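All heavy atoms count here, side chains included; hydrogens, waters and symmetry mates do not. Nothing here was measured: the structure is a model prediction, and the numbers come from that model.
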Amino acid sequence: MKFYCSYFMLLCMICNVSCTTTKYVTYEEDTPGTEIGNLSQDLKIDPAEDPETSFKFIQKTNSIIHMRQVDGLLTVGEVIDREQLCHRSPQCLMTFDVVAFSKEKFQLIHVEIEVKDINDHSPQFTRNETHLDISENAPLNSRFPLDVAVDRDVGDNYVQGYHISHTNHFVVEVSTREDGEKSAELVLIKTLDRETEEFYTIEVMATDGGTPAKSGSTTVYIRVLDFNDNSPTFEHNKLKVELSEDSPIGSRVLKVHAFDPDAGINGEVVYGFVEGSPSEVTRVFQINLITGEVTLKDSVDYETKKSYELHIQASDLGANSVSSTCRAIVEIVDVNDNAPEISIKPMTSTSDRVAFITESAAEESFVALISTSDADSGPNGYVRTSLEGHEHFKLQQAYSDTFMIITTTTLDREAIPEYNLTVISEDLGTPPFKTVKHYTIRITDENDNVPMFSKAIYDVSVIENNIPGSYMTTVVARDLDVGKNGKVSYSLIDSKTPDGSPISTFVSIDPHSGSLYTLRTFNFETLKEVEFAVKASDKGFPPLSSTTLIQIRVVDENDNFPYFTYPVLRNNSADVPIPFNAQSGYLSLRLTAQDEDSGLNSELSFHILEDDAKLFSVGKNSGEIVLKRKLTTQCGEVLQIKVSVVDNGREPLSSTATVRFVVTDTGAQENQVVILLRSKDEETLEFDVWTAVIIGFAGCCVLLLAAIIILTVICTIKRRRRNFGRDGLYGSTPLSKNNPGGSNIYGGPNAFLRSEGDSMQPLYEDKSLDFEEKLFLPCKPFEQTFLWQDEKYCLQRSGTSNTDQLSVKDSGKGDSDFNDSDSDISGAAQKRGLTTFQPVARGAFNSAGDWKSKAHFTQTRNMHIPPGSAYTIGFAPAPLYNTHVTPRSWRDSHSKTNMLNAQTFSRTGTLPSYSAHHTGVEEQIVTVKDAFLVSDSSEVATTF
């Protein structure tokens with residue numbers, strides 16, 4: 001079992017990043033597994049305190065030394081042969097660097113293991129035997145060099161001495177050369193006598209200083225020659241010269257000179273290297289046989305060998321020439337012929353050109369180890385090292401000519417993913433040599449960036465009735481990290497739609513591309529907007545995520561047909577009553593319709609598709625169906641038209657319906673009529689070219705018609721005055737509240753207007769009587785009125801301040817002209833004009849032709865009334881005549897009557913806009929040309 005010895009020493013360098021040098025000693029030939037040292041124990045690192053403690057080599061090492069990763073135990077991996085590892089070097093060191101990781105900290109350890117020599121080799125001579133010729137007249141103390149013994153061991157185990165076998169003529173003398181090796185020479189101590197003894201055999205033994213000592217031997221065979229009495233003699237037996245290592249081949253190194261006093265050939269001296277000179281000497285140097293000049297045969301290198309020892313002999317050409325020797329020492333002088341060498345050992349890479357470090361590394365983190373060297377000596381071998389490239393890194397000395405690259409700040413891969421650094425080493429020679437090495441540091445990614453969406457809110461429009469699975473949009477999130485840290489996947493965040501359904505039943509998202517697709521058909525009428533969130537997550541650990549808001553707006557499509565809401569249809573048709581005496585402009589029906597769509601798709605217009613009698617027209621936007629001319633018996637009992645409602649979609653949809661107007665015996669007017677005139681502010685004037693043409697044409701017609709009416713009225717009045725009887729229009733005296741005695745309220749035959757100071761109560765119709773006998777009874781008193789009356793009726797104006805007098809809302813109890821829900825006498829109806837009415841009671845006629853003889857035409861005063869007033873027709877409380885008029889007689893009389901119509905209104909419809917322009921006229925003639933009672937009701941047909 002071999003002796004084992006180890007020791008530990010720590011050297012702490014003063015630097016920000018700790019660096020420790022650890023030295024151990026081991027012996028060659030130790031068996032594998034022999035423990036050299038324990039780094040964790042020597043550095044006071046307890047692996048039990050941190051389970052993640054580890055030790056690892058920075059650079060790749062051979063298998064000679066093994067290290068246990070958990071605690072840094074160093075052992076012999078294989079048998080160490082010091083002679084093979086370090087040759088003849090006095091000191092044999094194995095160095096390497098180790099990184100220790102403990103408690104979240106990296107520590108650099110420089111390990112030096114010195115391999116001690118053991119005496120495992122014996123000295124050996126280059127030759128086993130040597131032949132030496134010595135002249136018998138060789139002088140005493142003549143020296144004869146012996147072969148140098150070589151021992152592969154070093155130090156004390158190297159050759160320490162020489163010994164020869166016993167002889168009386170020679171002794172051995174040992175000397176130490178410049179390189180420290182021992183050399184031996186035979187010294188003649190007794191004169192030789194060839195005749196006495198011609199041959200000598202001497203055994204030379206070399207011994208080392210090991211324990212136990214080992215030795216090697218060689219045999220020297222000496223032949224004694226007959227003498228040549230003078231031998232060449234050197235001027236100097238020992239020389240020492242210097243040779244620059246950059247000397248060219250052929251340069252002169254030195255020149256020796258020997259003198260031989262003999263004459264002739266015995267005095268001619270030749271030179272040469274002694275036999276057995278080392279091969280490295282004969283390879284590098286050569287000597288001139290005649291001149292003794294030594295020249296350079298091959299280049300020398302100070303870094304390879306620093307000195308050479310030459311043994312030169314001189315001999316004459318005479319017989320039995322005895323040579324003499326001279327020792328010359330050639331010392332190689334160093335020049336700056338070597339550039340510094342740079343070796344970079346990264347911590348986390350197998351390449352010496354690239355190092356990796358994580359972007360989460362703290363400030364002053366260790367990155368790589370830089371070692372510099374220069375084979376020159378002195379100032380030529382002194383090296384200065386610097387780092388250039390970026391301020392985020394700097395050099396810090398670890399030990400000797402070894403430096404560490406450390407960080408100066410925190411790193412961000414997203415900002416700078418790679419650093420290109422330059423290491424510069426320069427020696428101090430003249431001229432200096434510089435070495436530049438480029439080095440790359442790559443930053444490894446950490447998951448420190450959240451995926452970011454390109455938009456905080458995505459607005460997406462989807463047309464309703466879409467196909468399930470159709471593409472909507474793509475959301476994009478970018479992650480500045482790389483690899484799995486930058487790989488983004490998308491998902492929906494669970495939420496519910498306004499109707500409570502999970503959002504995952506409406507849309508889906510491609511987890512890789514972020515494309516959104518519909519899962520069902522959207523319906524604008526049930527769902528107008530959907531809002532949900534999308535999450536983008538990376539694949540890092542732990543994963544990072546962000547969200548964005550998606551707002552889907554459903555765009556309406558014209559997919560709903562409009563439908564009629566009034567009148568109520570049955571089997572797509574409706575029956576609507578129309579009075580038999582409806583005049584031109586009579587509002588027969590107001591159509592209403594609805595469309596479930598919105599916007600332009602819900603804008604409706606009305607049209608008449610079929611109207612065989614061409615009796616009706618419809619307001620495109622209002623849906624009001626109006627008679628274009630008055631009804632006659634030729635029109636028939638049932639008037640059928642086909643109407644349609646059309647929306648305003650890009651591809652319009654429509655619905656149709658059949659409306660049958662059934663002519664009824666009910667008259668078009670009731671006892672009270674409310675006329676609301678449209679103000680200018682309410683009128684919507686939409687003029688275009690055709691509207692202007694139509695209005696101009698209509699104005700001309702109105703002027704012409706007014707002239708005809710005026711002429712007709714004047715002629716009729718003159719004709720009837722000639723036939724007007726003394727008894728008045730009805731042939732009896734009416735009863736008046738103010739004059740119950742039956743006095744004539746006219747105040748004269750032709751004075752039918754009362755004074756403004758008189759007051760009368762309006763009448764209402766008592767409908768409890770038989771349908772042919774109607775009684776008008778007084779209601780609440782009116783306010784002050786302007787009254788006109790004939791024998792049976794009077795007309796008064798009443799302001800609207802008395803709300804009990806007249807209801808302007810639809811009572812819903814019949815078809816009275818004043819029960820229209822569309823009536824409006826609010827303050828919005830400004831600047832309305834006034835027209836007076838003159839009803840005639842049905843009892844005034846005994847037969848269909850009585851009216852011709854008893855027709856009474858009255859001229860009334862047109863009063864200027866403030867806008868917003870309403871007007872009613874009232875009757876005096878006088879007994880009425882019961883006259884039965886059959887529908888037959890009405891039709892007969894009606895057919896013979898040429899009624900002169902200025903304008904006819906039904907229900908509470910407003911007057912045409914042009915009527916408002918005549919409100920400022922101070923006087924207006926209103927003529928009652930035809931006054932009659934409808935057959936089955938007490939409504940009054942009034943003609944203007």
Side-chain donor-acceptor distances from residues 378-392 under 3.5 Å, at least two apart:
from: Thr385; atom 1: OG1; to: Ser425; atom 2: OG; distance (Å): 3.3
from: His390; atom 1: ND1; to: His392; atom 2: N; distance (Å): 3.1
from: His392; atom 1: ND1; to: Tyr419; atom 2: OH; distance (Å): 2.8

Over 12 foreign heavy atoms within 6.0 Å of [atom1], [X]:
X	atom1	result
Arg177	CZ	yes
Glu341	CD	no
Lys539	NZ	no
Asp298	CG	yes
Glu104	CD	no
Met452	CE	no

Where [X] and [Y] come nearest, the two heavy atoms and their spacing:
X	Y	answer
Val150	Tyr158	CA-OH, 4.2 Å
Asn336	Pro431	ND2-O, 2.8 Å
Ser247	Leu296	O-CD2, 3.5 Å
Val148	Ser183	CG2-CB, 4.2 Å
Thr282	Ser277	CG2-CB, 4.3 Å
Pro123	Thr207	CG-C, 4.2 Å

Check whether the side chains of [X] and [Y] place a donor and an acceptor atom closer than 3.5 Å, and report yes or no.
X	Y	value
Glu181	Thr176	no
Glu414	Asn449	yes
Tyr517	Asp510	no
Glu331	Ser307	no
Thr422	His438	yes
Thr474	Ser515	yes
Ser400	Thr402	no
Asp401	Thr372	no
Lys535	Thr547	no

Would Lys305 count as a cation-pi partner of Tyr302, with NZ or CZ less than 6.0 Å from the six-membered ring centre and within 45° of the ring normal? no

In residues 483-492, what donor-acceptor pairs under 3.5 Å come from side-chain atoms, sequence neighbours left out?
from: Asn485; atom 1: ND2; to: Asp445; atom 2: OD2; distance (Å): 3.0
from: Ser489; atom 1: OG; to: Ser537; atom 2: O; distance (Å): 3.4
from: Tyr490; atom 1: OH; to: Ala477; atom 2: N; distance (Å): 3.0

Asn338 and side-chain hydrogen bond (donor to acceptor under 3.5 Å, both in side chains): which partner among Thr435, Asp427, Asp376, Asp301? Asp376

What I'd like to find out is whether the side chain of [X] reaches to under 4.5 Å of the side chain of [Y], using heavy atoms alone.
X	Y	value
Asn119	Lys214	yes
Thr444	Glu359	no
Thr34	Thr75	no
Val79	Thr31	no
Phe55	Val99	no
Val294	Leu310	yes
Asp117	Glu83	yes
Tyr308	Val300	yes

Would you call the rings of Phe96 and Phe57 parallel, tilted or perpendicular if under 30° counts as parallel and over 60° as perpendicular? perpendicular

side-chain hydrogen bond (donor to acceptor under 3.5 Å, both in side chains) for Glu78 and Ser63? Distances and angles first, verdict last. CA-CA 7 Å; Glu78 60 184 31; Ser63 58; 3.1 Å; yes

Are any of the side-chain nitrogens in [X] or [Y] under 4.0 Å away from the carboxylate oxygens of its partner?
X	Y	answer
Arg413	Glu446	no
Glu49	Lys103	yes
Lys116	Glu28	no

Does anything in residues 380-460 form a disulfide bond (SG atoms under 2.5 Å apart)? List the pairs, not counting sequence neighbours. none

Under the disulfide bond (SG atoms under 2.5 Å apart) rule, what pairs show up with a residue in residues 65-98, not counting sequence neighbours? Cys86-Cys92

Going by side-chain hydrogen bond (donor to acceptor under 3.5 Å, both in side chains), name the residues that satisfy it together with His121, two or more places apart in sequence or in a different chain. Asp153

Proximity of Phe366 and Phe106 rings by center, below 6.0 Å: no

One should read off an interatomic distance between His110 NE2 and Ser371 OG, to the nearest 0.5 angstrom, of 8.0 Å

Rounded to the nearest 0.5 Å, how far does NZ of Lys240 lie from CD1 of Ile329? 8.0 Å

Tell me every residue that passes salt bridge (charged side-chain N to carboxylate O under 4.0 Å, His left out) with Glu112, counting only those two or more places apart in sequence or in another chain. Lys23

